[in-house]
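Bear in mind that the values here come from a model prediction, so they are computed numbers and not experimental data. As a basis for the values below, the full set of heavy atoms in this structure was taken, side chains included, without hydrogen atoms, waters or symmetry mates.
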Amino acid sequence: MAVCARLCGVGQSRRCRRRQRPSHQDQDSDSELDMDEEEEERIVGKLKSEVGNGCQESQGAARPMPETGDTATVPCSANVKRLGYEETNCAARHKPEFLLDLPPELLVEIFSLLPGTVLPNLALVCKKFRQILNTETIWRRRCTKEFGMMEDLRKMELVGVSSREVYVKLLYPYRHILGLWQPDIGPYGGLLNVVVDGLFIIGWMYLPPHDPRVEDPMRRRPLFRIHMWESSRASVECMYGHKGPHKGDIQIVKKDEFSTKCNQTDHHRMPGGRQEEFRTWLEEEWGRTLEDIFHEHMQELILMKFIYTSQYDNCLTYRRIYLPPHVPSDLLPPGLFKGTYGSHGLEIIMLSFHGSCAKATKLTGDPNVPAGQLTLVVHLNRPVRLPDLERQCSIEELSGLVLGFHEEAQWEAVEACGEGQGEGSTLRAEENERGAAAAEAPAVGVSSTSGATRTAAEPQPFVLPLGVIARNEEYPRSCRMCFYGTGLIAGHGFTSPERTPGLFVLFDDNRFGFIWLELKSFSLYSRLTDPLAHALAPSMERFEVMLQNMQSWTS
């Protein structure tokens with residue numbers, strides 16, 4: 001009845017409706033809609049003029065006069081009870097049968113649940129829909145739900161833009177660049193995260209912490225931003241350099257690729273020339289001066305990286321990357337990790353699981369092994385039983401265990417081609433004897449068909465063998481489990497790449513290590529815990545294709 005009275009203009013006046021006590025549910029609904037009252041009354045008033053007169057006339061003709069008493073003393077509820085049949089007829093006659101018959105506040109609630117991409121077409125249906133779709137509440141909700149935009153409304157009023165303008169001119173046109181990206185900087189690569197930050201879209205370049213503090217948080221540097229602060233259209237600004245924001249441009253080549261261009265590269269130059277730029281870059285990148293780096297080979301690598309990366313002047317091409325999907329059977333949650341790589345410093349890798357093996361792909365690289373290559377491959381169906389601490393100190397003891405698995409894996413690869421089956425069986429028997437002779441340690445349960453299965457294995461003591469170099473000596477002294485794996489090494493310029501045997505050591509869900517037997521070095525990896533929006537792969541198939549493309553970019 002209330003809906004009928006509101007649409008048709010009968011029943012209590014607006015002042016009476018305000019004096020009525022609405023239910024708690026109505027109060028909650030009104031607070032959620034947050035619709036402008038004057039705008040609502042304007043729309044309802046137009047509907048009254050269209051359908052109100054006919055309903056009032058029909059209702060007035062059907063209503064009998066009271067038999068006795070003063071009509072002014074008869075409560076409205078009494079009239080409703082006495083004329084119940086009239087209420088039934090009016091409600092039946094004006095019961096909403098179409099979307100157009102619903103009250104405006106309910107249409108606002110419905111339209112707020114629809115994707116913003118369909119709202120322009122919805123506005124073409126009729127004048128009533130077009131009027132309702134100008135409501136700020138609808139577009140504010142779409143900006144929040146689709147893009148996670150959280151902004152103080154007072155700031156938007158100060159700038160003079162509406163939520164609809166932000167959605168139509170900023171968020172929707174640049175929706176394809178949100179998420180994770182890898183810049184095309186030769187072998188060095190990188191990690192860019194494009195996010196919505198209030199009335200801005202900002203591209204943050206993620207940099208590893210200073211070598212060798214692998215446990216420290218990531219560092220961020222803004223490369224560009226897009227905003228609507230100064231005009232009614234979105235503006236792109238380059239943030240590279242040390243002179244503040246300046247004019248830039250973004251070109252979306254296709255859905256999974258875009259490029260940036262700086263229109264004022266003179267903002268990247270420093271008064272002291274290239275030498276001053278190098279000193280500033282070195283302090284930001286490595287946290288030290290060139291005089292503090294005594295290793296000559298390391299100085300050459302640092303200087304080479306500065307010369308190579310500074311020539312781009314933030315005019316780069318970016319390709320989309322995804323975070324790997326996670327399933328309960330994974331050995332540990334996949335994701336991004338920071339790791340030590342000798343003279344090359346800290347680099348960022350992506351750990352993912354593929355059945356009975358785990359893969360670590362470089363997101364940042366170096367002249368020897370560039371970004372995009374598989375730096376580690378871990379065979380989860382080949383757990384390694386560590387001996388006691390005294391025997392762990394011997395590099396020969398550890399090498400014997402790992403090389404046995406390496407030879408077995410090579411023979412199985414030959415068997416897959418139909419060769420050497422007899423020799424492979426003999427080798428497996430010898431390896432079984434070698435494993436039985438090792439010191440007793442908790443066995444690790446692994447499924448060769450569905451990948452690693454997490455078990456309640458007791459932590460076991462761990463120590464690096466003598467002669468193995470570790471840039472970070474603060475590694476854990478106990479591990480959960482170990483596996484045979486291979487690491488990729490190559491000469492300068494990615495020449496003569498080779499997969500060499502090593503030991504994957506799992507410390508906990510956030511840390512693992514790898515012993516490179518041939519290099520006699522140890523890499524420690526720590527999880528990157530920063531929240532990364534719009535980055536999860538839609539499916540494992542899409543993620544696999546992305547990994548293959550990454551390798552082809554730098555091969």
Side-chain angles (χ1 to χ4, degrees), residues 36 39 111-112 114-124 129-181 183 192-205 221-241 243-268 313-320 533-534:
D36 185 80
E39 182 181 18
F111 293 167
S112 298
L114 299 176
T117 53
V118 306
L119 296 183
N121 290 334
L122 191 62
L124 301 176
F129 281 11
R130 184 168 61 254
Q131 292 173 336
I132 294 177
L133 286 171
N134 287 327
T135 306
E136 183 75 1
T137 304
I138 298 176
W139 295 99
R140 190 185 309 144
R141 288 191 181 183
R142 297 326 308 160
C143 292
T144 301
K145 292 184 178 180
E146 293 183 27
F147 301 100
M149 190 193 81
M150 302 297 294
E151 182 59 35
D152 190 345
L153 298 181
R154 290 173 296 183
K155 292 183 179 180
M156 299 183 65
E157 294 175 358
L158 182 64
V159 178
V161 297
S162 64
S163 297
R164 184 179 184 276
E165 288 178 314
V166 172
Y167 186 98
V168 173
K169 298 179 181 180
L170 177 66
L171 300 180
Y172 183 75
Y174 291 97
R175 68 194 183 280
H176 291 313
I177 71 171
L178 299 178
L180 285 183
W181 302 85
L192 179 80
N193 187 28
V194 183
V195 298
V196 177
D197 187 358
L199 294 178
F200 292 90
I201 293 178
I202 302 180
W204 293 98
M205 179 68 81
R221 177 189 301 165
L223 291 188
F224 63 84
R225 71 180 186 182
I226 315 169
H227 63 85
M228 294 184 61
W229 280 103
E230 300 173 354
S231 63
S232 59
R233 65 182 184 87
S235 301
V236 179
E237 292 181 331
C238 176
M239 304 290 289
Y240 190 77
K243 295 184 179 180
H246 46 282
K247 292 183 179 180
D249 188 26
I250 288 180
Q251 181 181 3
I252 302 177
V253 181
K254 51 186 177 181
K255 184 178 179 180
D256 292 329
E257 184 176 323
F258 76 96
S259 60
T260 58
K261 180 182 179 182
C262 178
N263 298 329
Q264 294 177 295
T265 56
D266 56 298
H267 281 65
H268 306 168
D313 272 332
N314 204 26
C315 300
L316 297 169
T317 299
Y318 298 86
R319 299 182 179 93
R320 181 180 295 279
H534 306 282

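Using the six-membered ring where Trp is involved, Phe258 and Tyr318 have ring planes that are parallel, under 30° apart on the 30 and 60° scheme.
Between the side chain of Arg142 and the backbone N or O of Phe147, no donor-acceptor pair lies under 3.5 Å. For Asn314 (side chain) and Leu223 (main-chain N/O), a donor-acceptor pair under 3.5 Å exists by modelled atom type. A donor-acceptor contact shorter than 3.5 Å is absent between the side chain of Thr260 and the backbone of Ile250. Looking only at distances, no side-chain donor or acceptor of Glu237 sits under 3.5 Å from a matching main-chain atom of Arg225. At distances below 3.5 Å, at least one donor-acceptor pair connects side-chain atoms of Glu165 with backbone N or O atoms of Ser162. Remark: side-chain polar atoms of Trp139 are paired, donor with acceptor, to backbone N or O of Leu133 under 3.5 angstrom.
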Atom pairs and distances, side-chain donor-acceptor, residues 166-177, under 3.5 Å, sequence neighbours left out:
residue : atom : partner : partner atom : Å
Tyr167  : OH   : Gly116  : N            : 3.4
Tyr167  : OH   : Glu146  : OE1          : 2.7
Tyr167  : OH   : Glu146  : OE2          : 3.4
Lys169  : NZ   : Ser232  : O            : 3.2
Tyr172  : OH   : Arg175  : NH2          : 3.3
Arg175  : NH1  : Tyr172  : O            : 2.7

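To the nearest 0.5 angstrom, Cys238 atom SG is 3.5 Å from His268 atom NE2. Considering CE of Met149 and CD1 of Ile201, their distance stands at 10.5 Å, rounded to 0.5 Å. Atom-to-atom distance recorded for Met228:CE and Leu199:CG is 8.5 Å, nearest 0.5 angstrom.
Here Arg130 pairs with nothing under the salt bridge (charged side-chain N to carboxylate O under 4.0 Å, His left out) rule; sequence neighbours left out.
The minimum heavy-atom distance linking Lys255 with Trp181 is given by the pair O-CH2, 3.9 Å.
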